[in-house]
Amino acid sequence: MKRLSTLTAATTLLLLLALAVPAGDATAQSAKDLVGTWTVVAVDTIDASGKKTPQFGSDPRGSLIFDSNGRYSLTLIRASLPKFASDNRAKGTAEENQAVVAGSIAHFGKYAVDEKDKAFTFHLEASTYPNWDGIAQKRAFTISGDELKYGIAVGTTGVRAEVVWKRAK
């Protein structure tokens, strides 16, 4: 009888653990899970009231590549950037140059993952926004299936950003 009680208790415990721990990619939050190429789905700023505004338009373009050696490269571009009338990128008008600066960002460097905090940190070596050169930016993230999502606090205004990527196939 004592053996039957022990077996029942062990079986019940295993069933409860199976129900309590999500399976598969729902728990994927490690450096290994980030490795690969991701394509951007959405980049939204979210104001204090919860209103979302697409930062790079409704159809942003971009990629985020994490390699297995701790290096990354990120590029985000608004789909509707204007063509330069001069057909020479070094001779854009002030308006054309402003649209490109406001409609794109790129940076690369090294990354580190804190699996306990479910966060990664970009260690930027260089960026198209030079004020970011040499800084670190920490991002809490989640991976669910082929979707990577992370948030960004933007200053003290209550505005934040949310970036969603899908794994490239």
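Index from 1, following the sequence.
Considering every non-hydrogen atom in both Pro60 and Val43, the closest pair reads CG-N, 4.5 Å. Closest of all the heavy-atom pairs between Trp132 and Ser127 is CE3-OG, 3.7 Å. When all heavy atoms are compared, the tightest approach of Pro54 to Asp44 is CA-OD1, 3.3 Å. Scanning all heavy atoms of the two residues, the minimum distance from Ala136 to His123 falls at CB-ND1, 3.8 Å.
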Audit row: Asp146, Lys169, side chain to side chain contact (heavy atoms under 4.5 Å, CB included) steps and yes/no: CA-CA 9 Å; Asp146 285 334; Lys169 301 283 183 181; 2.4 Å; yes
Worked verdict on Lys51 versus Thr53 for side chain to side chain contact (heavy atoms under 4.5 Å, CB included): CA-CA 7 Å; Lys51 179 184 173 204; Thr53 304; 4.3 Å; yes
Test salt bridge (charged side-chain N to carboxylate O under 4.0 Å, His left out) applied to Lys52 and Asp47, step by step: CA-CA 7 Å; Lys52 286 186 175 187; Asp47 69 16; over 6 Å; no
Check against side chain to side chain contact (heavy atoms under 4.5 Å, CB included), Thr75 and Ile105: CA-CA 6 Å; Thr75 305; Ile105 188 72; over 6 Å; no
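With hydrogens and angles disregarded, a donor-acceptor distance shorter than 3.5 Å links the side chain of Thr128 to the backbone of Ala106. Looking only at distances, a side-chain donor or acceptor of Asp67 sits under 3.5 Å from a matching main-chain atom of Gly70. Listed for the Glu147 side chain is no donor-acceptor partner under 3.5 Å among the backbone atoms of Ser144. In terms of modelled atom types and a separation under 3.5 Å, the side chain of Tyr129 and the main chain of His107 share no donor-acceptor contact. A donor-acceptor pair under 3.5 Å links the side-chain atoms of Thr93 to the main chain of Glu96, judged by distance alone. For the pair Thr121 (side chain) and Tyr111 (backbone), a donor-acceptor distance under 3.5 Å is absent.
The side-chain heavy atoms of Ile143 and Leu34, taken from C-beta on, include a pair separated by under 4.5 Å. The shortest distance between side-chain heavy atoms of Phe56 and Val40 does not fall below 4.5 Å. Using a 4.5 Å heavy-atom threshold, the side chains of Leu74 and Trp165 count as touching. With contacts defined as side-chain heavy-atom distances shorter than 4.5 Å, the pair Val113/Lys118 does not qualify. By the 4.5 Å heavy-atom criterion applied to side chains, Val163 and Ile152 are counted as neighbours.
Under a hydrophobic-cluster definition in which Ile, Leu, Val, Met, Phe, Trp and Tyr are linked whenever side-chain heavy atoms come within less than 4.5 Å, directly or via other members, Val35 and Phe120 are assigned to the same cluster.
Taking Ile, Leu, Val, Met, Phe, Trp and Tyr as members and joining any whose side-chain heavy atoms lie under 4.5 Å apart, directly or through other members, the hydrophobic cluster of Val164 also contains Val41.
The distance from the OH atom of Tyr150 to the NZ atom of Lys138 is 15.5 Å, given to the nearest 0.5 Å. Atom CG of Asp117 and atom CZ of Phe141 lie 10.5 Å apart (nearest 0.5 Å). Distance check: Phe66 CZ to Lys110 NZ gives 15.5 Å after rounding to the nearest 0.5 Å. Distance CG/Asn131 to CG/Leu124: 11.5 Å, rounded to 0.5 Å. With values rounded to the nearest 0.5 angstrom, Arg167 atom CZ is found 3.5 Å from Trp38 atom CH2.
Between Tyr72 and Phe122, the ring-plane angle classifies as tilted under the 30° and 60° cut-offs.
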Between side-chain atoms of residues 78-86 and protein atoms elsewhere (two or more places apart, or another chain), which donor-acceptor pairs fall under 3.5 Å?
residue : atom : partner : partner atom : Å
Arg78   : NH2  : Gln55   : O            : 3.0
Ser86   : OG   : Asn88   : N            : 3.2
Ser86   : OG   : Asn88   : O            : 3.1
Ser86   : OG   : Lys91   : O            : 3.3

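Using a cut-off of 4.0 Å between Lys/Arg side-chain N and Asp/Glu carboxylate O, Arg71 and Glu125 are scored as salt-bridged.
Residue-environment remark: CG (Asp87) stays at or below the threshold of 12 foreign heavy atoms within 6.0 Å. By the neighbour-count criterion of 12 heavy atoms within 6.0 Å, atom CZ of Arg160 is sparsely surrounded, having that number or fewer from other residues, nucleotides or ligands.
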